[in-house]
Amino acid sequence: METPDVRHSPHCSQNASAPAPPAAHEKERPLTVAAVAADDAGTVQNEVWSDAALSAWGKTDRFTGQWFPVVHHLTDSAAMAEELFDHYLPPAARTMLSDLAGVSVQEVRSLAAFLAGVHDIGKITPQFASQVSQTFPTVLAAMKRHGLDASRPYPARIPHATLSQVIVQDWLQTEYAADPRTAATYACIAGGHHGRNPSKLSIVQARNSPGALGSGTWIEVRQEVLQKMSARTGAAQVWPMLVSRRLPPSAQSVLTGLVIMADWMASNTDYFPYDGPLSTPRRLAQATALLDLPQPWRAHLESTDATTLLHQRFPQLAPWPARGVQRSLVESAQAARSAPIFIVEAPMGVGKTEGALLAAEVLASRFGQGGVFLGLPTMATANPMFTRTMRWLDNALGEEASVALTHGKAALNDEYDSLLRASWHGDIHDGHDPAESRAVVNMWLRGAKRAGLSSFVIGTIDQALFAALKAKHVALRHLGLAGKVVIVDEVHSADAYMREYLHRLLTWLASWHVPVIVMSATLPPAQREGFITAYARGVGDLHPALPDAGDSYPRVTLYDGDTHDIPVSAEEGSALVSLERMGDDPALIVDRLSALLAKGGCAGVVCNTVRRAQEVFDALHGSVPDDELILIHSRFLAPERLAREADLVRKLGNTKDVQRPSRLIVVGTQVLEQSLDIDFDVLISDLAPIDLLLQRVGRLHRHHRASRPELLREPLLLVRGVTDWESTPPSLARSTTAIYGASSTLRAAAVLNEQISITLPDDIAPLVRRGYDPDLPPPAGWEDRWRAAEQAAANALAVKRQRAQAYLLPAPHAVSSLDGWIDVDGGDPDRAEREGHAQVRDSEDSLEVIVVDRVGDELRMPLCSAFPGTVIPQGQMWGTGQDARYARALAACTLRLPQELCREGMVGSLIEALEGMVDASGWQQSPWLRGQLFLPLDDHGNVAIGLPRGGPGHTELYLLHYDSVRGLTAEKARDH
DNA sequence: AACAAAAAAAAA
Ligand SMILES: [Fe+3]
Ligand SMILES: [Fe+3]
């Protein structure tokens with residue numbers, strides 16, 4: 001906290017009895033003066049500055065009564081920026097900044113240090129200084145004695161960062177005759193140091209506030225700071241070159257990120273104490289020792305051969321040679337002319353991830369990146385990827401490097417948690433052999449906005465997309481990504497809304513020369529082209545050559561200024577999947593499966609909704625033994641869903657110790673289509689968009705198995721979810737069109753129309769291409785429905801894209817400076833962030849709750865938790881200290897409520913109802929439980945929720961039931 | 001009226 005305003009201090013509400021601040025005459029002596037040590041080497045800061053400059057306060061601490069001169073904070077920040085430039089930024093980021101600024105690396109370093117060295121110069125103004133007139137009157141009196149009169153209060157509060165921008169900008173204009181627009185491209189970096197750049201209008205307003213800025217000595221002291229910082233950092237020699245050209249926005253944002261990082265560090269009194277050593281080198285040495293930031297990663301490869309590399313990094317894969325995709329990736333990474341984007345389309349299980357990590361090493365060693373960002377669509381896939389990446393790092397790292405797992409529930413991941421705890425205590429983490437692991441979590445690189453600044457960041461793709469979102473501190477996201485190789489996996493799962501953000505991200509990444517590897521199942525050609533076009537835009541190429549339109553799969557496409565179709569040697573044999581249509585009555589499944597599984601076998605049934613899955617399950621329940629039937633969907637408690645998925649992989653996976661049962665039916669929803677590496681002998685699926693249907697088919701005879709049951713030797717796909725196959729066009733189940741829209745589902749039906757088989761993998765690319773081809777003609781007799789569906793889809797797409805624009809960060813080429821770049825038309829970003837309007841996913845309201853068991857008057861931890869049955873105290877403080885582990889285990893017991901309860905306009909009353917059911921007031925101190933909602937289930941797994949609907953006094957009662965077999969069900973009781 | 005899965009949220 002920079003101002004002594006303590007209204008927002010977390011301590012103040014409960015701190016009525018806190019000791020009063022020391023008496024005014026005692027507390028306002030800068031302790032630094034007394035701390036000059038005789039052997040202090042280097043520049044003693046006080047000798048540099050005039051007494052007037054030293055009298056200006058920059059920070060105050062109301063609790064200790066100490067204050068700190070702003071010129072010292074600025075000197076600390078400049079020194080920290082130099083340190084970060086030299087030892088935190090990877091070579092790629094340094095040369096990128098130098099390229100963009102049009103000066104040498106050394107010169108752009110001077111620019112960075114200068115900007116950090118003046119970021120708070122707006123504090124040397126009457127308007128800022130006057131804030132402490134009540135709390136630190138003698139500081140103001142001393143300032144006044146030095147000619148800095150701040151005794152008049154300024155109620156109109158212009159943020160000091162805005163004042164900094166005005167001051168720096170005007171100085172560049174008068175001192176170096178910079179034109180205003182050019183000056184703004186540099187000055188906005190000071191203006192944005194609080195995470196939000198002032199708008200052009202507010203800058204004009206600030207400039208026209210002479211009272212706020214002050215005159216006379218105020219101007220002289222600021223001039224002194226600007227000149228001495230310029231001289232100290234070497235910027236004085238660089239400005240004449242810089243002012244002749246505008247700094248590109250891509251450099252503005254990364255430098256802003258660097259200034260913010262330096263400021264945060266310099267503002268931490270553990271690292272830069274008010275009363276610590278006075279000489280800057282000593283202060284910096286103390287801070288860097290305490291920070292202990294690992295250096296950026298330096299990739300060093302011992303071989304150029306893909307197979308050799310593969311075996312060095314992934315010894316468990318020896319002695320098998322590198323696979324086709326891996327070789328293509330490694331070899332084309334070696335050949336790329338400049339930082340490239342790869343688009344890798346291949347099924348799971350061909351070693352894409354390993355190939356991408358090896359390619360990242362090749363790219364980083366060639367282009368100087370210092371880390372890798374690896375993004376996945378879900379937390380559930382990011383977690384195992386974190387573990388895999390850690391094992392790669394065991395073999396890839398020569399020195400210590402920082403790692404982070406970044407997603408909303410990262411702290412619930414045990415491996416990351418142990419690394420986090422090790423960073424606290426400074427001791428080595430348990431679990432994995434620490435001697436082998438040079439990957440560490442750095443203490444400073446924790447928290448939502450800092451973790452992404454680590455060298456190796458594994459997280460949800462959202463964490464990268466935030467770099468394209470209008471949100472506070474987006475420049476820190478830019479700093480985090482600008483020196484890395486960026487890999488995003490399973491990109492096919494992104495919808496049109498997310499793709500808007502992904503495109504914008506790619507444009508920014510390209511502008512920093514960041515190598516990108518996009519991995520996906522088959523993409524419609526328009527999507528492939530969209531990624532290349534967005535990336536090319538970032539390097540100023542408006543008309544990149546488009547990739548070959550032919551149907552190949554797997555395929556690797558590369559753009560490095562030119563577009564290349566990289567050959568991938570095919571290795572899999574092809575398979576002919578028989579395709580049959582069946583009716584929608586669940587009873588038909590019972591009959592069909594009992595016949596098909598007569599000689600044993602494992603069947604998967606994928607339904608488009610939870611309700612349909614539960615219906616199929618119920619139909620099978622009577623005739624199939626319990627241990628041969630599994631239901632899986634997302635409406636299970638998270639630990640139970642995890643256990644279920646682990647069970648499926650144990651039974652149907654591809655591991656050495658797989659225990660495949662002789663007979664099994666798995667009924668589920670789309671959770672079966674996502675990233676589970678399991679194999680069915682026969683598959684039944686609801687009709688779905690063709691790409692999704694093919695994802696599901698990917699689970700059919702997925703692994704090479706020595707033998708399959710006699711009746712299931714050839715892969716068979718049965719498609720249902722259509723109420724009438726005979727009508728023209730087929731009439732789709734309503735729930736299916738509600739989820740996917742009529743167009744994409746109808747298109748799937750069209751491309752499969754009259755087909756009786758699918759050849760894998762050859763048919764995949766053409767089916768997906770045709771399924772999304774705008775010119776696909778409807779089959780005869782489908783025209784009317786088709787037209788209506790196409791129109792509805794076009795409208796929905798336009799709405800989605802439109803919605804995405806609201807919080808989409810402008811592209812680097814679309815702005816001159818960062819002035820107002822995260823401002824939202826008619827809104828303020830603080831509010832947008834607080835209320836969660838700014839999103840990278842387009843989603844309707846939905847609610848996740850933590851489940852507790854209610855037994856009599858007691859609340860207990862759920863049976864699936866790590867502490868089953870443990871009593872949870874109510875109405876008293878709980879969840880911190882010794883209880884934190886219980887709170888953490890409880891926080892893992894989440895359950896998503898059905899959409900039926902989260903309808904438009906219902907969520908508010910639902911939250912209210914839930915808050916009334918469990919007294920969680922005593923748990924709010926726990927970071928695990930703070931702000932969460934709780935659902936108490938009685939010992940039958942039941943809970944009733946009443947929601948006001950319609951008129952006053954009118955209530956709808958929903959009966960929820962949870963059991964470990966069917967998951968959560970909701971039904972509406974009769975009105976009462 | 002009812003329809004998957006998925007993510008997220010502290011600074012200087
Ligand atoms: Fe500041
Ligand atoms: Fe600051």
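Note on naming: letters A, B, ... go to the chains in the order of the sequence lines (proteins, then strands), and numbering restarts at 1 for each one.
Between A:H633 and A:F636, the angle of the ring planes stays under 30°, which puts this pair in the parallel group of the 30/60° scheme. Taking the six-membered ring where tryptophan is involved, the planes of A:H160 and A:H193 are tilted, since the angle between them lies from 30° to 60°.
The pair A:R641-A:E645 meets the salt-bridge criterion, since a charged nitrogen lies less than 4.0 angstrom from a carboxylate oxygen.
If you measure from atom CG of A:L412 to atom P of B:dA8, you get 12 Å, rounded to the nearest angstrom. Whole-Å rounding puts the A:D462 CG to B:dA7 P distance at 7 Å. Atom CG of A:L642 and atom C1' of B:dA5 are 15 Å apart (whole Å). Between A:L376 atom CG and B:dA7 atom P the separation is 11 Å, expressed in whole Å. Between the CZ atom of A:R641 and the P atom of B:dA6 there is a distance of 4 Å, rounded to whole Å. Rounded to an integer number of Å, the gap from OH of A:Y740 to C1' of B:dC3 is 11 Å. Counting to the nearest Å, the P atom of B:dA11 and the CG atom of A:L453 are 14 Å from each other. The CG-P distance, from A:L933 to B:dA8, rounds to 18 Å in whole Å.
In terms of polar N and O atoms assigned as donor or acceptor, the side chain of A:R903 comes within less than 3.5 Å of the base of B:dA2 in a complementary pairing. With hydrogens and angles left out, the side chain of A:S843 and the base of B:dA7 share a donor-acceptor pair within 3.5 Å.
Across all strands shown, A:M265 has no heavy atoms under 4.0 Å from either base or sugar-phosphate atoms. At the heavy-atom level, A:R612 lies nowhere under 4.0 Å from the strands shown. Across all strands shown, A:V610 has heavy atoms under 4.0 Å from sugar-phosphate atoms exclusively, and none from any base. Heavy atoms of A:F272 sit nowhere under 4.0 angstrom from any nucleic acid atom.
The side chain of A:N268 has B:dA12 as its nearest neighbour among B:dA7, B:dA12, B:dA5. For A:Q463, taking side-chain heavy atoms from C-beta onward, the closest of the listed nucleotides B:dA12, B:dA4, B:dA9 is B:dA9. With B:dA7, B:dA12, B:dA4 as the candidates, the nucleotide lying closest to the side chain of A:T460 is B:dA7. Minimum atom distance to the side chain of A:R841 is reached by B:dA6, of the listed B:dC3, B:dA6, B:dA12. If you check B:dA11, B:dA7, B:dA4 against the side chain of A:W264, the one that comes closest is B:dA11. Comparing B:dA12, B:dA4, B:dA8 against the side chain of A:D263 picks out B:dA12 as the nearest. Picking from B:dA4, B:dA5, B:dA11 the nucleotide with the shortest atom distance to the side chain of A:Q674 gives B:dA5. Of the candidates B:dA11, B:dA6, B:dC3, B:dC3 carries the atom nearest the A:A738 side chain, counting heavy atoms from C-beta on.
For B:dA12, the OP1/OP2 oxygens have a side-chain nitrogen or oxygen of A:H194 closer than 4.0 Å. Here A:R635 reaches the OP1 or OP2 of B:dA4: one of its side-chain N or O atoms lies under 4.0 Å away. Side-chain nitrogen and oxygen atoms of A:K449 include at least one within less than 4.0 Å of the OP1 or OP2 phosphate oxygen of B:dA11. Distances shown here put every side-chain N or O of A:H73 at or beyond 4.0 Å from the OP1 or OP2 atom of B:dA12. The phosphate of B:dA5 has OP1 or OP2 within less than 4.0 Å of a side-chain N or O from A:S634.
Summary of the strand contacts: A:S846 and A:R611 both lie near DNA chain B, and taking for each the nucleotide with the nearest heavy atom, the more 5' one is attributed to A:R611. Along DNA chain B, the nucleotide nearest to A:R450 and the one nearest to A:T406 differ in position, and the one closer to the 5' end is contacted by A:T406.
In this structure, the salt bridge (charged side-chain N to carboxylate O under 4.0 Å, His left out) partners of A:R888, at least two apart in sequence or on a different chain, are A:D414, A:D417. Residues passing the side-chain hydrogen bond (donor to acceptor under 3.5 Å, both in side chains) test with A:S164, sequence neighbours excluded: none.
Each of A:F68, A:W57, A:W67 was checked for a ring pair (Phe, Tyr, Trp, His ring centres under 6.0 Å) with A:Y274, and the lone residue meeting it is A:F68.
When atom types are taken as modelled, the side chain of A:Y501 and the backbone of A:A804 share a donor-acceptor pair closer than 3.5 angstrom.
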